[in-house]
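Notes for the one structure printed next.
Numbered from 1 within each chain, the chains take letters A, B, ... in sequence-line order. Remember, predicted model here, so these are calculated numbers, not experimental data.
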Amino acid sequence: MSETPTTIEAGGAPTVRFADFGLAPEIQRALSDQGYVHPTPIQAQAIPIVLQGRDVMGAAQTGTGKTASFSLPIIQLLLPHANTSMSPARHAVRALVLTPTRELAIQVAENVKAYAQHTPLRSTVVFGGMDMKPQTEILRRGVEIVIATPGRLLDHVEQKNISLGQVQMLVMDEADRMLDMGFLPDLQRIINLLPKKRQNLMFSATFSPEIKKLASSFLNDPLTIEVARSNATNTSITQVLYKVDEEQKRNVVEHLIRARDLKQVLVFSNTKIGASRLARYLEQAGIKASAIHGDKTQQERIAALDAFKNGDIDVLVATDVAARGLDITDLPCVINYDLPYNAEDYVHRIGRTGRAGATGDALSVYSDKDERLLADIEKLIKQTITRGELTGFMPSRGGERGERPVERRGGRRETDSPRPERTERPDRGPRNYGAPRRDKIDPWFLKPYEPSAVPRKEAPAAPAASGKPKPKLAALLGGLPKQ
DNA sequence: AAAAAAC
């Protein structure tokens, strides 16, 4: 338990294919449905180990493909049971995935469902902020895989809607985040409900002493896998800083969005109230925006994320609820309306763009009072962020905007593509976005599970998922120090 | 100092 975990160098053959893992044909079919051929580095390292039944401590951020690195082996390992109709434990919960945020739970559940779609395995997701009843109904009917946030899971346990006595695989996703959020007591309560003999997988973006302690108490002789720390920030992300007056920050954010004609931009605010206000300001300025944060109802959160994903809105203003875990493909730009108090969060936030080898821009506005935060960030990422220059930006008051400003960046990025010429300045009214789409929100997880009606995510025509450039692999910790 | 998460 307390022995030094073995560490594996995550590197090596880039030519590994999913077909090499000996996964069941049903799983391979799901992978090829989605156009996945080559595993990411963490998948290539983790899948064989998890398949062996070993405990794993994975150091990986979202976007490295870590969800598949545990989902695929879970499905593979549970499959024999699922196919044995005689088994009395059929539809007992055999795998449990815990996540810190509701949105992450939903996302993991979507992935699991897609990977298991050709198998008889059932899965569901439970989280707070939503009616218990539909969740209860699905749980009582029986599922093999449950993805959950800790509080609501315990709620279901208390109400005897779920039994955890048959769980043979436990995944703690974003474990560092769960600790930050004070989930340790909940985690302990949940783990006490599980059989002693089980396989444990823990994923964390950081290796703090607390995480190591958690690992040494919950994991059994784990193998440690690490994919390049994004502390060394992904080089495909172009970062720019704009120093402005505190009161001008929202105008500058608006300016950046207009000047670049940004379509899918995620804007981070440090506070819930700030997020709401900025979203409202942008909306009044005619930019399609919504806010997502913990004071919104879960329905609103889901609706906002949904609207953002399908292009109904161009700007999502978020608190750090969205800093980690959210995997929105092809986000071209992230804007920090506030610099995060936590330097580590800067890395997580900007990691929402430039995913999977695509390029992305991370723009931050800050003022005098943020110099210290900025110093912490630059120290952490070990680089000086390019200072941008706002030219043509007209400082204004009371939400009034001047002429359409022209934005020019300092710094040395030559690849700055020429901005499309705008002939007219959109006036006060909303910009023309074409016919508004009013898709009804009908998330699959609100519906009772029917094996024949597994909702399929519409596969992108040509999934660029496979063969994408992969994050560089880093050298490892060389063994964790003992606690 | 703020955010997240069960009712």
For the pair made of [atom1] in [X] and [atom2] in [N], what is the distance, rounded to whole Å?
X: A:R102; N: B:dA3; atom1: CZ; atom2: P; answer: 15 Å
X: A:F268; N: B:dA3; atom1: CZ; atom2: P; answer: 14 Å
X: A:Q298; N: B:dA4; atom1: CD; atom2: C1'; answer: 11 Å
X: A:R372; N: B:dA1; atom1: CZ; atom2: P; answer: 11 Å
X: A:D338; N: B:dA3; atom1: CG; atom2: P; answer: 10 Å
X: A:D295; N: B:dA5; atom1: CG; atom2: C1'; answer: 12 Å
X: A:E174; N: B:dA5; atom1: CD; atom2: P; answer: 13 Å
X: A:I147; N: B:dA5; atom1: CD1; atom2: P; answer: 17 Å

Regarding [X] and [Y], is there a side-chain donor-to-acceptor distance under 3.5 Å anywhere?
X: A:T101; Y: A:E103; result: no
X: A:S367; Y: A:E246; result: yes
X: A:D338; Y: A:Y366; result: no

Looking only at the aromatic ring of each residue, does the gap between the centers of A:F268 and A:Y337 stay below 6.0 angstrom? no
Treating A:T149 as the side-chain partner and A:G151 as the backbone partner, does any N or O pair qualify as donor plus acceptor under 3.5 Å? no
Between [X] and [N], is there a side-chain N or O to OP1/OP2 distance below 4.0 Å?
X: A:R177; N: B:dA4; result: no
X: A:R301; N: B:dA5; result: yes
X: A:T101; N: B:dA5; result: no
X: A:T319; N: B:dA4; result: yes

Side chain of [X] (C-beta onward), nearest among [options]:
X: A:K272; options: B:dA6, B:dA4, B:dA2; answer: B:dA4
X: A:T271; options: B:dA5, B:dA2, B:dA4; answer: B:dA2
X: A:F183; options: B:dA5, B:dA2, B:dA6; answer: B:dA5

Mind checking A:G129 for me? I need base, sugar-phosphate or nothing, with any heavy atom below 4.0 Å counting as a touch. sugar-phosphate
Could you check whether A:N270 gets within reach of a base, just the sugar-phosphate, or nothing at all, counting any heavy atom under 4.0 Å? sugar-phosphate
